[in-house]
Number of protein chains: 2
Amino acid sequence: MSETDRRIAVFESQLKGAGLRMTQQRRLILRVLAEADDHPDAKGIFTRAFAHDPTLSLSTVYRTMKVLESQGAIERHAFEDGISRYEHADQEHHDHLIDVDSGEVIEFSSDAIEELQRRIAAELGYELVRHRLELYGRKKQPARKPARKRG
Amino acid sequence: MSETDRRIAVFESQLKGAGLRMTQQRRLILRVLAEADDHPDAKGIFTRAFAHDPTLSLSTVYRTMKVLESQGAIERHAFEDGISRYEHADQEHHDHLIDVDSGEVIEFSSDAIEELQRRIAAELGYELVRHRLELYGRKKQPARKPARKRG
DNA sequence: GGCCCATAAGAAAATCATTCTCATTTGCAA
DNA sequence: TTGCAAATGAGAATGATTTTCTTATGGGCC
Ligand SMILES: [Mn+2]
Ligand SMILES: [Mn+2]
Ligand SMILES: [Zn+2]
Ligand SMILES: [Zn+2]
């Protein structure tokens with residue numbers, strides 16, 4: 001069973017467990033999400049799904065994302081442009097670094113920073129419920145010997 | 001000279017330095033921003049300013065915020081609801097903790113977490129350009145002796 | 001396999017923050 | 001003062017997302 005199939009099975013059981021129907025559209029969207037290894041927005045998911053079923057509507061994508069989010073099956077992120085982007089929640093918690101030049105999204109996780117956030121909240125008298133951490137960076141050039149001037 | 005007046009003077013010199021005009025509307029909006037000790041959105045700024053000049057338009061608030069942001073005079077944040085909120089940049093860098101029950105915004109700063117973010121980016125081969133860090137938390141009840149059951 | 005009907009889908013209108021357009025006003029340098 | 005580029009006010013436009021309304025359908029039950 002492929003990773004994609006396993007994710008779809010998880011999605012389906014989450015829906016079933018909540019007493020929700022497994023429609024053709026949901027099945028298709030689940031497949032798109034399970035196959036995604038990036039952070040597509042609603043339009044991106046719609047485009048990928050529409051290729052398989054040209055009767056699908058964008059409303060259904062939005063509705064399905066809302067259902068899946070409330071089931072905890074996916075995570076929604078809004079980076080700097082404010083547009084909602086989605087990824088399946090079938091993975092350990094991580095945060096994101098966005099390449100400011102290319103827009104590429106790189107995932108990372110750090111126990112140290114997770115712990116530090118909890119501690120900061122605690123010092124302020126709060127229990128940390130969730131957080132948003134996004135790093136925006138520029139690729140470093142690998143250090144190298146300065147080239148000799150030519151000519 | 002009050003802190004408010006000093007902030008206004010800074011704002012004005014920033015505008016003048018960029019060759020921009022000091023209009024009545026901008027003067028008013030600068031005052032509202034200088035006096036603010038919270039994180040108002042455009043409508044909030046408009047409401048406060050409108051009380052002093054009922055000819056002001058919301059478009060002008062948005063335009064002015066864009067100008068001020070490009071001058072580095074204010075900072076713009078978009079917390080979970082995606083609405084842009086503003087604060088004057090006349091203060092040291094800090095991040096925010098949002099009380100999930102009351103919506104209250106608490107400012108904090110931590111050299112440790114700033115450094116850790118730089119290090120994480122560096123380990124990924126990136127130079128940190130900026131970041132977004134928001135903690136969402138719930139007020140802790142102060143630990144207390146369990147009350148004896150009454151009656 | 002059909003039946004029923006609450007749930008879900010499609011299409012299009014509505015919403016809401018923000019930006020843009022354009023006619024009119026105004027800051028400010030000369 | 002004058003001239004004019006820059007700025008404003010009012011309202012239209014935009015774009016992501018949600019809602020409305022009518023029609024379609026998943027899936028438990030016979
Ligand atoms: Mn991710
Ligand atoms: Mn702040
Ligand atoms: Zn994290
Ligand atoms: Zn910070």
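Each chain gets a letter, A, B and so on, in the order the sequences are listed, and its residues count up from 1.
- For A:S84 and D:dA16, a side-chain-to-base donor-acceptor distance below 3.5 Å is absent, hydrogens and geometry of angles not being considered.
- Residue-level contact check: A:T23 touches the backbone only, with heavy atoms under 4.0 Å from sugar-phosphate atoms and none from bases.
- Using a 4.0 Å heavy-atom criterion, one finds that B:R63 contacts the bases of the nucleic acid, with or without backbone contacts as well.
- Nucleotides of DNA chain C nearest to B:K66 and B:K16 differ in position, and the one nearer the 5' end is that of B:K66.
- To the nearest angstrom, P of D:dT8 lies 11 Å from CG of B:L28.
- For A:H39 and A:H88, the ring centers are positioned 6.0 Å apart or more.
- Other residues, nucleotides and ligands contribute at most 12 non-hydrogen atoms within 6.0 Å of the CD atom of A:E92.
- Regarding B:L58, its CG atom lies at a distance of 13 Å from the P atom of D:dG11, rounded to whole Å.
- As a whole-Å value, the separation of B:Y86 OH from C:dT18 C1' is 8 Å.
- Looking at residues two or more places apart in sequence or on another chain, you find no ring pair (Phe, Tyr, Trp, His ring centres under 6.0 Å) involving B:Y62.
- Side chain of B:S57, nearest nucleotide from D:dG9, D:dA16, C:dG10: D:dG9.
- Between B:D99 and B:D101, the shortest heavy-atom contact is OD1-N, 2.8 Å.
- D:dG26 atom P lies 11 Å from atom CZ of A:R26, rounded to whole Å.
- Checking D:dA16, D:dA7, D:dG9 against every side-chain atom of A:Y62, the shortest atom distance belongs to D:dA16.
- Residues A:E87 and A:H77 have side chains that bring a donor and an acceptor to within less than 3.5 angstrom of each other.
- Ring-centre distance between A:H96 and A:F79: below the 6.0 Å cut-off.
- At whole-Å resolution of the value, CE in A:M65 and P in C:dA8 are 16 Å apart.
- In the interface, the side chain of B:S59 is paired with the base of D:dG11 through a donor and an acceptor atom under 3.5 Å apart.
- Residues B:L20 and B:I83 each lie close to DNA chain C; by heavy-atom proximity, the contact nearer the 5' end of the strand is made by B:I83.
- Atom CD in A:Q24 sits roughly 17 Å away from atom C1' in D:dT23 (whole-Å rounding).
- Rounded to whole angstrom, the span from the CZ atom of B:R76 across to the C1' atom of C:dA17 amounts to 12 Å.
- Across A:E114, A:E107, A:E75, a single residue satisfies side chain to side chain donor-acceptor pair (under 3.5 Å) together with A:H94, and that is A:E107.
- Two residues, B:R21 and B:P54, neighbour DNA chain D, and the one matched to the more 5' nucleotide by heavy-atom proximity is B:R21.
- The distance from atom CG of B:D81 to atom P of D:dA16 is 18 Å, rounded to the nearest whole Å.
- Rounded to 10 degrees, the angle separating the terminal helix axes of the helix from C:dG1-D:dC30 to C:dA30-D:dT1, each built from five base pairs, is 30°.
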